[in-house]
Asker: 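Input: one structure, supplied below.
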Amino acid sequence: MSDVYAQPTTGADATDMSALAGYTTLRMGGPAGRIVPGASAEEIVRAVRDAGTRDEPVLVLAGGSNVVIGDDGFPGTVVLVRSRGLRVVAEDADTVTVRVEAGEPWDDLVAATVANGWSGLECLSGVPGSTGATPIQNVGAYGQEVAETITGVEVYDRAEGTAGRVAAADCGFAYRSSIFKYSDRWVVLSVDFRLTRSPLSGPVRYAELARALGVEVGDRVPLADARATVLRLRAGKGMVLDAGDPDTRSVGSFFTNPVLDRAAYDLLRARAADIGEPPSWPCPGDLVKVSAAWLIDKAGFGKGHPGPGGAAISSKHTLALTNRSGRATTADLVALAREIRDGVHARFGVTLHPEPVLVNCTI
Ligand SMILES: Cc1cc2nc3c(=O)[nH]c(=O)nc-3n(C[C@H](O)[C@H](O)[C@H](O)COP(=O)(O)OP(=O)(O)OC[C@H]3O[C@@H](n4cnc5c(N)ncnc54)[C@H](O)[C@@H]3O)c2cc1C
């Protein structure tokens with residue numbers, strides 16, 4: 001299988017191989033103390049343990065599509081997750097459970113499940129990165145989240161020095177969150193997904209996807225149609241990695257959609273009364289999720305809005321902050337993120353929070 005993850009350039013125009021910019025989709029980040037690839041679960045655990053023995057901080061990095069690494073880099077060991085493989089570990093007449101190594105490229109997995117007639121991941125087509133990173137922030141898109149199909153996660157627990165399995169119920173899955181996010185305690189080694197044997201997708205939940213498929217919300221469609229349509233919609237928003245499209249030099253959505261209680265939501269509606277109703281979705285617990293893209297746009301930061309150093313809002317999607325110029329630094333991107341966060345707060349009284357993991361930088 002090809003290596004689809006970002007790699008530093010080699011050859012005549014070789015970049016500094018220790019620069020983490022070469023390993024991230026933003027193409028940003030300073031040098032690492034050392035970089036150790038792990039081609040199997042055993043190699044990954046060994047590299048993490050060895051660094052621990054040397055008292056070095058450890059950064060586990062896979063596809064680099066959800067991290068913002070500071071210009072000073074990371075003063076420790078970066079373990080690259082490059083393990084591969086998947087196998088069926090349980091099956092019955094209706095379902096198949098696949099165990100997937102952490103470094104398996106996510107979209108290769110989705111493509112394989114669609115080809116095999118296993119339903120459950122099709123709307124997550126085109127999300128960059130590795131399979132092992134999907135539980136970290138409960139990856140989701142177009143009405144599907146990995147929490148719906150993950151049954152367990154095999155982890156190396158750095159606090160205990162042991163490997164074991166965390167059942168899905170104990171993963172603390174929530175909107176773009178889990179117990180693994182912002183914790184360096186667990187290294188994900190493999191993930192189990194239980195999928196349904198069906199040529200059809202689950203009920204389409206996302207209105208934009210249903211419209212593009214020409215069906216009603218709640219209908220099912222052939223798996224390959226769901227995948228192709230999601231890929232087309234994502235590409236139109238710069239949300240599928242494409243070396244020729246500088247709008248995809250990003251981490252996808254930079255901010256999560258804010259989840260507000262009733263009082264905060266009413267306040268927002270009052271402050272937005274002159275421009276219209278903020279797009280929103282009801283959440284359990286009388287909470288309301290609000291579109292961060294709408295808030296950003298209405299606060300005056302439209303598509304293409306420039307930041308310092310060639311950092312800019314994507315010309316295709318208000319939520320993606322990009323290194324469009326290819327020369328922006330992390331400081332430039334962070335300055336743009338602050339400008340947007342502060343502008344949205346001043347206009348609407350709502351605080352935006354970053355979705356990616358920030359490493360040696362802060363907004
Ligand atoms: C164009 C684009 C579109 C995107 N669209 C979406 C989307 O629709 N939905 C969505 O949810 N996300 C989206 N993302 C974000 C990103 O692709 C996902 O979060 C993805 O799962 C990150 O995988 P990765 O392997 O690149 O993780 P990395 O960026 O390498 O790591 C992210 C975090 O997870 C940790 N980590 C990674 N692997 C492991 C492991 N094996 N064990 C322990 N910790 C680990 C890292 O330490 C870091 O904290 C998008 C990103 C881009 C660039």
Side-chain angles (χ1 to χ4, degrees), residues 4-6 20 23-29 38 41 44-45 47-48 57-69 74 76 78-83 100-107 109-110 123-147 153-158 163 166 173 175-191 206 209 230-231 233-235 237-243 245-254 256-257 314 316-317 319-323 354-360:
V4 299
Y5 299 132
L20 290 166
Y23 298 92
T24 65
T25 53
L26 273 170
R27 312 306 279 182
M28 289 173 170
I44 293 165
V45 170
V48 170
V58 173
L59 171 64
V60 176
L61 192 65
S65 64
N66 209 31
V67 284
V68 182
I69 301 176
F74 184 77
V78 174
V79 178
L80 296 178
V81 178
R82 297 292 184 261
S83 49
V100 188
E101 296 301 311
E104 192 65 33
W106 173 252
D107 196 51
L109 171 65
V110 178
C123 293
L124 299 173
S125 295
V127 175
S130 65
T131 301
T134 60
I136 307 288
Q137 71 158 7
N138 179 20
V139 158
Y142 293 94
Q144 242 170 24
E145 286 182 339
V146 290
V153 179
E154 184 195 6
V155 295
Y156 173 67
D157 181 340
R158 296 182 63 207
V166 182
F173 288 130
Y175 167 61
R176 292 305 162 274
S177 178
S178 75
I179 57 166
F180 310 117
K181 194 159 178 184
Y182 285 116
S183 166
D184 59 6
R185 177 169 172 182
W186 292 282
V187 181
V188 174
L189 302 176
S190 71
V191 188
Y206 204 77
L209 178 58
V230 166
L231 286 174
L233 289 174
R234 292 185 68 96
K237 298 175 187 173
M239 288 290 172
V240 179
L241 289 185
D242 174 353
D245 181 353
D247 274 327
T248 72
R249 229 176 274 135
S250 77
V251 284
S253 302
F254 194 90
T256 52
N257 290 320
S314 160
K316 303 185 184 73
H317 198 304
L319 255 188
L321 306 194
T322 68
N323 178 5
E355 180 178 306
V357 173
L358 308 181
V359 177
N360 282 350

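Whatever order the structure lists ligands and atoms in, that order sets their numbers, starting from 1.
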Asker: Would you please test D247 and H317 for side chain to side chain contact (heavy atoms under 4.5 Å, CB included) and show each step?
Answerer: CA-CA 9 Å; D247 274 327; H317 198 304; over 6 Å; no

Asker: Of all the atoms in ligand 1, which lie at a distance below 4.0 Å from a heavy atom belonging to L61?
Answerer: 30 (O)

Asker: Quick one: look up the protein heavy atom nearest atom 52 (C) of ligand 1 and list residue, atom name and how far away it is.
Answerer: G252 N, 3.2 Å

Asker: Please write down residue, atom name and distance for the protein heavy atom closest to atom 18 (C) of ligand 1.
Answerer: V139 CG2, 3.9 Å

Asker: Closer than 4.0 Å to some heavy atom of V357 - which atoms of ligand 1 meet that?
Answerer: 49 (O)

Asker: How close does the nearest protein non-hydrogen atom get to atom 20 (C) of ligand 1, and which residue and atom is it?
Answerer: P128 O, 3.5 Å

Asker: What distance do I69 atom CD1 and M28 atom CE have between them, rounded to the nearest 0.5 Å?
Answerer: 11.5 Å

Asker: Drop me the distance from Y23's OH to L59's CG, to the nearest 0.5 angstrom.
Answerer: 12.5 Å

Asker: Give a yes-or-no answer on whether the side chains of E104 and T131 include a donor-acceptor pair shorter than 3.5 Å.
Answerer: no

Asker: I want to confirm something. Looking only at heavy atoms, which of G38, G64, A141 is nearest to atom 28 (P) of ligand 1?
Answerer: G64

Asker: Please confirm whether R234 approaches ligand 1 to less than 4.0 Å, judged on its heavy atoms.
Answerer: yes

Asker: For ligand 1, which atoms have a heavy atom of I136 less than 4.0 angstrom away?
Answerer: 34 (O), 43 (C), 44 (N), 45 (C)

Asker: For atom 42 (N) of ligand 1, grab the closest protein heavy atom and report residue, atom and distance to one decimal in Å.
Answerer: V188 N, 2.8 Å

Asker: Can you report which non-hydrogen protein atom sits closest to atom 26 (O) of ligand 1, along with the distance?
Answerer: S65 OG, 2.6 Å

Asker: Would you please test V79 and I44 for side chain to side chain contact (heavy atoms under 4.5 Å, CB included) and show each step?
Answerer: CA-CA 7 Å; V79 178; I44 293 165; 4.2 Å; yes

Asker: Examine ligand 1 and decide if any of its atoms is less than 4.0 Å from a heavy atom belonging to W186.
Answerer: yes

Asker: Which part of T25 is near ligand 1, with near meaning a heavy atom under 4.0 Å away: side chain, backbone, both or neither?
Answerer: side chain

Asker: Hey, what do you get for CD (Q137) to OH (Y175), rounding to the nearest 0.5 Å?
Answerer: 8.5 Å

Asker: Measure the distance from atom 30 (O) of ligand 1 to every protein heavy atom, then report the residue, atom name and distance (to 0.1 Å) of the closest one.
Answerer: A62 N, 2.7 Å

Asker: Is R176 touching ligand 1 with its side chain, its backbone, both, or neither, if touching means heavy atoms under 4.0 Å apart?
Answerer: side chain

Asker: Which of the numbered atoms in ligand 1 are below 4.0 angstrom from a heavy atom of V67?
Answerer: 29 (O), 31 (O), 32 (C), 48 (C)

Asker: Under a 4.0 Å heavy-atom limit, does N138 contact ligand 1 with its side chain, its backbone, both, or neither?
Answerer: neither

Asker: Compare all side-chain heavy atoms of D184 with those of V58 and state whether any distance is below 4.5 angstrom.
Answerer: no

Asker: Any non-hydrogen side-chain atom of V357 less than 4.5 Å from a side-chain atom of Y182?
Answerer: yes

Asker: Nearest protein heavy-atom contact for atom 13 (C) of ligand 1: which residue, which atom, what distance?
Answerer: V127 CG1, 3.9 Å

Asker: Please examine the side chains of Y206 and C123, heavy atoms only from C-beta on, and report whether any two atoms are closer than 4.5 Å.
Answerer: no

Asker: Considering only heavy atoms, does N66 approach ligand 1 within less than 4.0 Å through its side chain, its backbone, both, or neither?
Answerer: both

Asker: Within this structure, what is the CZ-OG1 distance for the pair R249 and T25, rounded to the nearest 0.5 Å?
Answerer: 10.5 Å

Asker: Do L319 and E355 come close enough that some side-chain heavy atom pair is under 4.5 Å?
Answerer: no

Asker: Considering only heavy atoms from C-beta outward, does the side chain of L209 approach that of V230 to under 4.5 Å?
Answerer: yes

Asker: By number and element, which atoms of ligand 1 are closer than 4.0 Å to a non-hydrogen atom of S250?
Answerer: 1 (C), 53 (C)

Asker: So which protein heavy atom does atom 46 (C) of ligand 1 come closest to, and at what separation?
Answerer: V60 O, 3.1 Å

Asker: Provide the number and element of each atom of ligand 1 under 4.0 Å from a heavy atom of G129.
Answerer: 23 (O), 24 (P), 25 (O), 26 (O)

Asker: Does the side chain of R185 come within less than 4.5 Å of D157's, by heavy atoms?
Answerer: yes

Asker: With a 4.5 Å heavy-atom cut-off, do P356 and V67 have their side chains touching?
Answerer: no

Asker: Any idea which atoms of ligand 1 are less than 4.0 Å away from a heavy-atom of M239?
Answerer: 1 (C), 3 (C)

Asker: Which of the numbered atoms in ligand 1 are below 4.0 angstrom from a heavy atom of A133?
Answerer: 21 (O), 22 (C), 23 (O), 24 (P), 25 (O), 27 (O), 37 (C), 38 (N)

